[in-house]
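Convention: sequence-line order gives letters A, B, ...; per-chain numbering from 1.
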Amino acid sequence: MTSDATTTEATAHADEGRFPAYEPAVLEPRWRGAWERAHVASSELPPAQDGTYVLEMLPYPSGRLHMGHVKNYTMGDVITHHRRRSGEVVLHPMGYDSFGLPAENAAIKTGGDPLTVTETNIRGIEEDFDHLGWSIDWTRKLATHRPDYYRWTQWLFLRFFEQGLAYRKDAPVNWCPTDQTVLANEQVVDGLCERCGSVVEKRALNQWYFRITDYAQQLLDDMEELEGQWPERVLTMQRNWIGRSEGATIGFHQRDLDATIEVFTTRPDTLHGATFFVLAPEHPLVGPLTRGTGNEQAVADYCDAAAKLSSIDRSNAEREKTGVFTGRTITNPANGEEIPVWVADYVLPDYGAGALMAVPAHDERDFAFAQAFDLPVRRSVQSVPGVEDELPYTAKDGVLVEGGHPIAEGARTIVEQVGGEFTVNYRLRDWLISRQRYWGCPIPVVHCDDCGVVPLPDDALPVLLPEVHDYQPKGQSPLAAAEDWVKVRCPQCSSWARRETDTMDTFVDSSWYFLRYCDPQNGHAPFDREVVDRWMPVDQYIGGVEHAVLHLLYARFFTKVLHDLDMVGFREPFANLFTQGMIYKDGAKMSKSKGNIVEPLPLVERYGADTLRTYVLFLGPPDQDAEWQDTGIGGTRRFLDRLWRYVHGVAALDGAGQTIIASPTVDELADDPNARALVAAAHAAIRRVSDDIGPRMQFNTAIAALMEATNTGTKALGERAEDATELVDRAHRFLAQTITSLVQPFAPHIASELWTVLGGEAVWSEPWPEFDEAFLVQDTVTLAVQVNGKLRGQIEVSADADEAEIVAAARADEKVAAALEGMQPVKQIVVPGRLVNLVVRPG
RNA sequence: GCGGGCGUGGCGGAAUUGGUAGACGCGCCGGAUUUAGGAUCCGGUGGGCACUGCCCGUGGAGGUUCAAGUCCUCUCGCCCGCACCA
């Protein structure tokens, strides 16, 4: 709207006063929450019945809801309404992922405290939720920053700790210099902090980890269950992330240290070609090995330089190979040869053994290194006996140079001969969960000088997050400043001890929230197994693909641990996953800095929530990214206007009756093609909308089908004869109520209103309309006629016409006849209900 | 480099099993209404032409088929994921 005489657009000239104008701003508040109340009751699960669980990823309360949320939650809402009305008992909860950096950073920026900022944001978001009319069971609402939730996050931490799945270790970690905290591997994207984009540094620190690597194989194996139910690319991303590779672990003996250094290799068959050996700069034996060689200084300098490299530079494969000779050799166990030991930063400390046997003839990196430092290259495998392949020859097939055995067999022999072992290696590392930040769940352990790390007993939970005055990240947790809070008696020996001051990664909070929804008020446990087993796993999970290796991997890991603890009866949390595409504006992600944000609430005020909900889904296929178009939303609003006029027009028909009616029967309609066309339009819409909302999840085409049906009805009503039959009016009424019923998941407010206009009560609890093929059966069908595959005409034939009749009719068509002029028939293809193709040749 | 996805009107997109390409919507054009503009409603709208009709048309080139946006081969372009992982 260019000017703003009105904030709400009402339907002008709708009716010359015969029925009220469509004014969403008036109508929507009236209906808001009506179905919500009804659905809280129905989400109580009847005994022994399996519930349906529809879940969308919960929002992070760092601001108001954006268009992405609108799309996400509307999709979930559409599915929820549809499944409820199809007879399922559906759980559809919502909450807030409210611990974490954004709220804390916002607090630091505005000078508020994280708790107040978070609670304020939640209130804002709740206004958004309220205005969009999603049917959510708010009695199950949770917020991960509230003690009644994080108490159980801590409780679960203690169970992990008991199992040895939560532990501390010294290790090189990812450090974000801006956020002043460590990060998990999953939160480092291309060497940058996932949150703020700073270049991540490596630091050696003592931190808390979850032993997700124990579950690497299960995480991989159970994906079989998700095949076809999760987007392929998410499964692929997780597979890549876990990075399983099969190979062998082989020990190399070093005589000066009299120590064996192990390496992992996927190519044990090439062992004879190992002409040198490389340690990561961080390898613990680098120091001892170098001592007394005269190379100490050069090696130490090299290691220092490597430590200063950012992870982007370090992992850049384009970089020239660098390295330094240690001055020592090591014995190749395959042939007893002494080969030089180098240190190079292309060997990563935390993959495999942090050391490798270099086979330049059959590995590109080793080859490049050998070239750079003039090291020997020896062929140990060839594609065909006697052939000198171009080096490096990296294909995993061929035969050994020595003996000519196929490489698979050669690998077995060699591994056995050198006392190695076939092993599996994973790229996945343990999940670093401690953060040196204030706004997170406190880790429920104490550090005692005598007893070490001591977990708190369950009855000491929750460990409340203390109030502090300074949230600034300073490289150690702001909690350390709360001295009274830190000082505590050791639960074991009662001497003075210190609380753990790091907090947990927010992804810990969101790794089990879907379980808490099932049993949100439980005061004795995070959830009751029996209750959770009835709802879980989530039947339909919806969210952004950005969580493919973060939240979605962590939640799977948690579920497996809980399964092994007998706390849940399933191993996968999300039976079906849908990842929705993002909404862009002007070709870019909406963001404050670009100033291209389209806020939902002003659009709700101007067009109505129903229009906005419908439009975000009409924009395109839900799994694809879509470009927000300001001009487009008006078209969706016009559709609802048209529907409004059509339904009111139908309600005013005398012959239509004043209540919700049953469909006219097929027999009744037999002699009234006008009425029949309307009922057929209704059933065509039922078929498409049901299919599109259900199995296909193509909401844009469902909406198109509803527009089509509305256009059909509107047109027919406009052309309705003065003396139209009572049957035609009943057909109109059936079509109007069918569209109203089908549009309800998308536009629940207007649907609820129109349903009452048609004499009904609560459309949200009406059974979902049933499709009946019988109404689509026609007496005559229109067939396309092709001659040699080219469209030449159309014919109308009786639906039960046989091939001969069809062909005769086709030949009779003027244009077809012209095309057949002087041609010899070759063959004819008749596709029932579709087309007839006459194949001819000149003659 | 490896893996996955996608290329269809001016735009977003539709075509579910190989069967009338362009549903639905935006935009645009015309009409009605209006003092005018906007809004609203109705109609038209892939391109070309010797325009009652014909030809071309789903990134490009081939192929299979009675029939290809859809299947196959090659190729170009874009997007996403992974990548010094031994």
field: N/O (side chain, A/Arg792) to phosphate O (OP1/OP2, B/C55) under 4.0 Å
entry: yes

- prompt: Taking the C1' atom of each, how far is B/G69 from B/U65, in whole Å?
  reply: 16 Å

Polar contact flag, side-chain donor to acceptor under 3.5 angstrom, A/Glu796-A/Thr780: yes

field: P gap between B/U17 and B/G12, integer Å
entry: 25 Å

- request: Using only side-chain N and O atoms of A/Lys790, determine if any of them is under 4.0 Å from OP1 or OP2 of B/C56.
  value: yes

- prompt: Under 4.0 Å between a side-chain N or O of A/Asn700 and OP1 or OP2 of B/A14?
  reply: yes

- request: Just call it for A/Lys815: base, sugar-phosphate, or nothing, with non-hydrogen atoms closer than 4.0 Å on any strand.
  value: sugar-phosphate

message: Under a plain distance cut-off of 3.5 Å, with no hydrogens placed, do A/Ser245 and A/Asn425 share a side-chain donor-acceptor pair?
response: no

- prompt: For A/Arg688 and B/C24, is the shortest distance between a side-chain N/O and OP1 or OP2 below 4.0 Å?
  reply: no

message: The side chain of A/Leu348 is closest to which nucleotide in this list: B/A86, B/C11, B/C54?
response: B/A86

statement: Closest to the side chain of A/Gln786, out of B/G13, B/U20, B/U16, is B/U20

query: Can we say A/Asp269 and A/Arg267 salt-bridge, meaning some charged N sits less than 4.0 Å from an Asp/Glu carboxylate O?
result: yes

- prompt: Just checking A/Gln828: base, sugar-phosphate only, or nothing, at a heavy-atom cut-off of under 4.0 Å?
  reply: nothing

- prompt: Does B/A86 have OP1 or OP2 sitting under 4.0 Å from an N or O in the side chain of A/Ser245?
  reply: yes

Out of B/A86, B/U16, B/G43, whichever nucleotide has its closest atom nearest the side chain of A/Val347: B/A86

task: Tell me what A/Arg429 touches on the nucleic acid: a base, only sugar-phosphate, or nothing, going by heavy atoms under 4.0 Å.
output: base

task: Ignoring backbone atoms, establish whether A/Arg696 has a side-chain N or O less than 4.0 Å from OP1 or OP2 of B/A15.
output: yes

- prompt: Which label fits B/G9, syn or anti, where anti is any glycosidic angle not within 90° of 0?
  reply: syn

task: For the pair A/Asp641 and A/Arg637, evaluate salt bridge (Lys or Arg N to Asp or Glu O under 4.0 Å) and give the outcome as yes or no after the intermediate values.
output: CA-CA 6 Å; A/Asp641 284 337; A/Arg637 170 57 195 263; 3.0 Å; yes

message: Pick the closest RNA chain B nucleotide for A/Ala704 and for A/Pro621 by heavy atoms, then say which residue is nearer the 5' end.
response: A/Pro621

query: Does B/C56 adopt a syn or an anti glycosidic conformation, taking syn as a chi angle within 90° of 0?
result: anti

- prompt: Taking the same atom, P, in B/C54 and in B/G62, what whole-Å distance lies between them?
  reply: 26 Å

Side chain to side chain, A/Tyr426 and A/Ile212, heavy atoms closer than 4.5 Å: no

task: Describe, in one word, how the ring planes of A/Tyr615 and A/Trp628 are oriented to each other, choosing from parallel (under 30°), tilted (30 to 60°) and perpendicular (over 60°).
output: perpendicular

task: Taking only the side-chain nitrogens and oxygens of A/Arg319, find out if one of them lies under 4.0 Å from OP1 or OP2 of B/C84.
output: no

field: A/His648 and A/Trp644 aromatic ring geometry - parallel, tilted or perpendicular at 30°/60° bounds
entry: tilted

- prompt: With respect to the side chain of A/Met237, which nucleotide from B/C66, B/G81, B/A86 is positioned closest?
  reply: B/G81

- prompt: Which nucleotide sits closest to the side chain of A/Thr714: B/C42, B/A86, B/C84?
  reply: B/C42

- prompt: Ignoring hydrogens and angles, does a donor from either the side chain of A/Asn240 or the base of B/C82 sit under 3.5 Å from an acceptor on the other?
  reply: no

message: Side-chain N or O of A/Arg638 versus OP1/OP2 of B/C26: is the shortest distance under 4.0 Å?
response: yes

Rounded distance in Å between the P positions of B/G60 and B/G53: 29 Å

- prompt: Across the strands shown, which category fits A/Gln698 at heavy-atom distances under 4.0 angstrom: base, sugar-phosphate, nothing?
  reply: sugar-phosphate

message: Counting the atoms with a prime plus P, OP1 and OP2 as sugar-phosphate, which does A/Glu627 contact under 4.0 Å by heavy atoms, base, sugar-phosphate, or nothing?
response: nothing

- prompt: When all nucleic acid strands are considered with a 4.0 Å heavy-atom cut-off, which category describes A/Arg427: base, sugar-phosphate, or nothing?
  reply: base

message: With rounding to the closest Å, how many angstrom separate the C1' atoms on B/U58 and B/G13?
response: 13 Å

- request: Looking at every strand, decide which applies to A/Glu232 at a 4.0 Å heavy-atom threshold: base, sugar-phosphate, or nothing.
  value: nothing

- request: Using the P atoms only, state how far B/U70 lies from B/U8, rounded to an integer number of Å.
  value: 14 Å

- line: Regarding the side chain of A/Thr701, the nearest nucleotide among B/U20, B/C84, B/A15 is B/A15

message: Is the phosphate of B/C26 approached by A/Arg637 (side-chain N or O, under 4.0 Å from OP1 or OP2)?
response: no

task: For the side chain of A/Lys715, starting at C-beta, report the closest nucleotide among B/U20, B/G43, B/G25.
output: B/G43

query: Rounding to the closest angstrom, what is the interatomic distance between B/G9 and B/G46 at atom C1'?
result: 5 Å

message: Once you apply a heavy-atom cut-off of 4.0 Å, does A/Asp350 come out as touching a base, just sugar-phosphate, or nothing?
response: nothing

statement: Per-residue pairing states of RNA chain B in dot-bracket (Watson-Crick or G-U under 3.5 Å; . unpaired, | other strand) read (((((((..(((......[....)))((((((.......))))))((((...))))..(((((..]....))))))))))))....

task: Round to the nearest Å and state the distance from A/Leu309 atom CG to B/C84 atom P.
output: 13 Å

query: Counting only heavy atoms not in A/Glu546, do more than 12 sit closer than 6.0 Å to its CD atom?
result: yes

A/Thr631, nearest nucleotide to its side chain (from B/C26, B/G19, B/G13): B/C26

query: Does any non-hydrogen side-chain atom of A/Arg792 lie less than 4.5 Å from one of A/Leu838?
result: no

query: Using 30° and 60° as the class limits, which term best fits the ring planes of A/Phe373 and A/Trp342: parallel, tilted or perpendicular?
result: tilted

- line: note: A/Asn788, atom CG; B/C55, atom C1'; distance rounded to Å ~ 16 Å

Whole-angstrom distance between B/C66 and B/A50, as gauged at atom C1': 32 Å

message: Pick the closest RNA chain B nucleotide for A/Thr636 and for A/Asp363 by heavy atoms, then say which residue is nearer the 5' end.
response: A/Thr636

message: Nearest to the A/Gln794 side chain among B/G25, B/A86, B/U20, which nucleotide is it?
response: B/U20

- request: Run the ring-centre check on A/Phe618 versus A/Phe639 and record whether the distance is less than 6.0 Å.
  value: no

query: With sugar-phosphate meaning primed atoms plus P, OP1 and OP2, does A/Ile829 contact a base, only sugar-phosphate, or nothing at under 4.0 Å between heavy atoms?
result: base

- request: Output the single nucleotide from B/G12, B/U20, B/A86 whose closest atom is nearest the side chain of A/Phe618.
  value: B/G12

